[in-house]
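See structure below.
Values reported hereafter were calculated over all heavy atoms of this structure, with side chains retained and with hydrogens, waters and symmetry mates removed. Note that ligands are numbered from 1 as they come in the structure, with each ligand's atoms numbered from 1 the same way. Remember, predicted model here, so these are calculated numbers, not experimental data.
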Amino acid sequence: MLFGRSKKNPIKIADKGVVEWQYAACGYCSTGCSIEVGLNAEGKPVSSRGVADADVNRGKLCLKGIVEHELFDSAGRGLIPKIRDQWHQPWQESTWDAALDKVHDEIVRIQEKYGRDSFAIISTGQMLTEEFYTLGKLTRGLIGTNNYDGNTTLCMASAVSGYKRSFGSDGPPGCYEDFEHTDCLIAWGSNLPEQHPIIYWRMKEAQEKRKFPLIVIDPRVTMLAQNADIHLPVTPGTDVVLQNAFMHVILDEGLEDKAYIEANTNGIEALREEVAQYDPTTAAKICGIDEDSIRLVARLFANAGAAMQFWTMGINQSTHGSDGVVGINNLALLTGNIGKPGGTSLSITGQCNAMGTREWSSCSGLPNYRALENPQDRADIAQFWNIDPEFFPKKRGMFQTDIYQAMETGQIKGIWLIATNPMSSLPNTSRIRKAMEKLEFCAVQDCYEDTESAQYAHVYLPAGTWAEKEGVMTNTERRINLVKPISKAPGEAQPDLWIFNRMAERFNSDGKVTFPEKAPDIFLEMGGLSKGRLADISGLDHELIEKHRGIQWPYTEVQRKNGEVPPKGGKRLYTEPTTFRYPDGKAKLIPLPFIDNNEVPDEKFPIWLNTGRLVEHWHGRTKTGKIGENNKYSPIPFIEINSDLAHELGVLEGEYLRLVSRRSDAIVMAKPTQRVPKNMVFLPFHFHDCANRLTLGLLDPHSRQPAYKQSAVRIEVIEDQMAAAKLSMEMRKF
Ligand code: SF4
């Protein structure tokens, strides 16, 4: 008789007839996994697999990556340019020339009538870096509007702002390898297993070997919190109070790294004065963490040989997101945990190429962390691009979140949306809808023609996506990796780079600005502009990047000439004393007074609304909502609701509820759980016309990033469950 495994049928992996594997970096999240797509004999993408010798993922992929090849022929792809006179009229199919002429003519008309800055351009973190650079050159160098931003403002702006305030420049200083050297790890508002599964695997593997304590600070018992040694369920919006209390204990008990502070920072006295007010007893009453836990974690962190912090949207998407990042940096600087193995403050980025847009898009300034406010930076770029330096504005324009308010007031009359979908992703959807309706002209450039925002467009430009194009992306740890064309864009759709170059021809009739046609040539041009900068990539080219499955910047031409092999690039920033980017080379310790400026629960709206991601979906589900293997796990909007609260309301698992905020309402399905406290619900933000009907969108004063994660709702029980189910179905787009 056979027992156990020998009796079971072996797992069989279907033979998909792959005859060739082609290389790319994954196009979803910022982890930056290397992927190979399998093509069958007809050249059709039929399979995906992780690349074994890629340092980031070492052969693994998450649920999204493993079915990424299905993206190429997913529903809703745009096949042909379209035009209409009014946004509510039926579309007319167009030629590329007619569609591009119309966009050009409308930009010129609006700028001539209302001024250069009355036309806005908003891009994304989804494109390839050479595309960002080209769009930046077109926008800053030829079109000349200052109201140009990326949807990264919704995601990473607080991290950018916090790094700039603390270190004098953007640029995450650490890397994934730091997990393998750290002695203590704090995760702030980050649910790695669902948001960045492969980074989680890297962290978990290191933790199992080294047994460092993992401290998770999050109001919700996330998957990461379930795996933590210590979970601190902080009251939403009070991270700065907890950070100040940690620093109070560290300074009070003399646990700070005095030599590091003296050599590398300014501002210790002002910081000491501020955090003196945040003794653990006082802080506990505000942030909801008991004083013993505050002392324990502060001592664990400060006494560790090397201590690391990382964070994502729990910190960034807040009215004090930038302060929260500065608080993390303060803690790292106080304890000498920057630029050493296992000692870092690492912002884990969102979109696959959010870092590329930060480095090269010119959204908030000029290429490679240059500032519009700096005359030398303006002069350098003007000379390189062959334009008049006076054409550049002398300070950055509006952030994306301010542009929509300017549309409401009539200050912005036209917009070009590129691979972004504000009708899904911006808070308080009804307000955005009214703003979009007021536009005189809207162009949408996207690989899908059925986005919510395309409803308001006068021109639709069908773009290629991911591995239908060629170029690089930068991941969370500053690793530049390559995407190569695996499939051709469908119908008449064209790569974004092609679209930008054709648009540039229309604004560059005298040909004085050069726009290279091929991504590898553009990358070399960028390398020339990067020499001597923080993000120096002058030693890199596409071929070298692919050979090594991604290389971290900086990697200079001098390193390459010196034959540094393998060219792993810069694992860490600020490894040498006084190399921060302020003129004296020192970082700033910045006092952070706590200002309680969130919407908080009250009698009418007594429940915190917390929003976030699921592992199977990507942002607005524009892509994953159309891929069966992703969508089937979470096809409808639901909330995590505390089991005791559900019991008191008489709500069973799977029943529909109505969430009501001061803005609007949404129908969601109940999923009772103890992962959220009784005064909180968690609502995944992926679903069309749902979470952002409710969110308030107060903005951080430094980064202008919305506070998606902290607003107030009430719960209404629905008697007619059939009607609610029908409504929920109607609200579901896909
Ligand atoms: Fe792609 Fe991110 Fe998943 Fe890696 S972890 S396969 S980069 S979605």
If you count the atoms of ligand 1 from 1 in the order shown, which ones are under 4.0 Å from a heavy atom of [X]?
X	answer
P197	5 (S)
T31	2 (Fe), 5 (S), 7 (S)
G32	7 (S)
Y28	8 (S)

Assess, by modelled atom type and distance only, whether the side chains of [X] and [Y] contain a donor and an acceptor separated by less than 3.5 Å.
X	Y	answer
Q705	T153	no
N692	Y708	no
E616	S634	yes
N151	Q400	no

Using the ring of each side chain (for Trp, its six-membered ring), is H686 parallel, tilted or perpendicular to H617, with breaks at 30° and 60°?
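Rings of H686 and H617: tilted, as their planes differ by 30° to 60°.
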Among all protein heavy atoms in this structure, tell me which lies nearest to [atom], with the distance rounded to 0.1 Å.
atom	result
atom 2 (Fe) of ligand 1	C29 SG, 2.3 Å
atom 6 (S) of ligand 1	C62 N, 3.5 Å
atom 5 (S) of ligand 1	I198 CG1, 3.5 Å

With a cut-off of 2.8 Å, does C33 place any N/O/S atom under that distance from atom 1 (Fe) of ligand 1?
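C33 does not place any N, O or S atom closer than 2.8 Å to atom 1 (Fe) of ligand 1.
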Between K484 and E470, does at least one N-O distance fall below 4.0 Å, as a salt bridge requires?
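Not counted as a salt bridge, because no side-chain N and carboxylate O are separated by less than 4.0 Å.
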Is atom NZ of K204 surrounded by more than 12 heavy atoms (other residues, nucleotides or ligands) closer than 6.0 Å?
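It does: K204 NZ has more than 12 such atoms within range.
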Report the part of C26 in contact with ligand 1, treating N, CA, C, O as backbone and CB onward as side chain, heavy atoms under 4.0 Å; options are side chain, backbone, both, neither.
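Looking at C26 and ligand 1, just side chain atoms fall under 4.0 Å.
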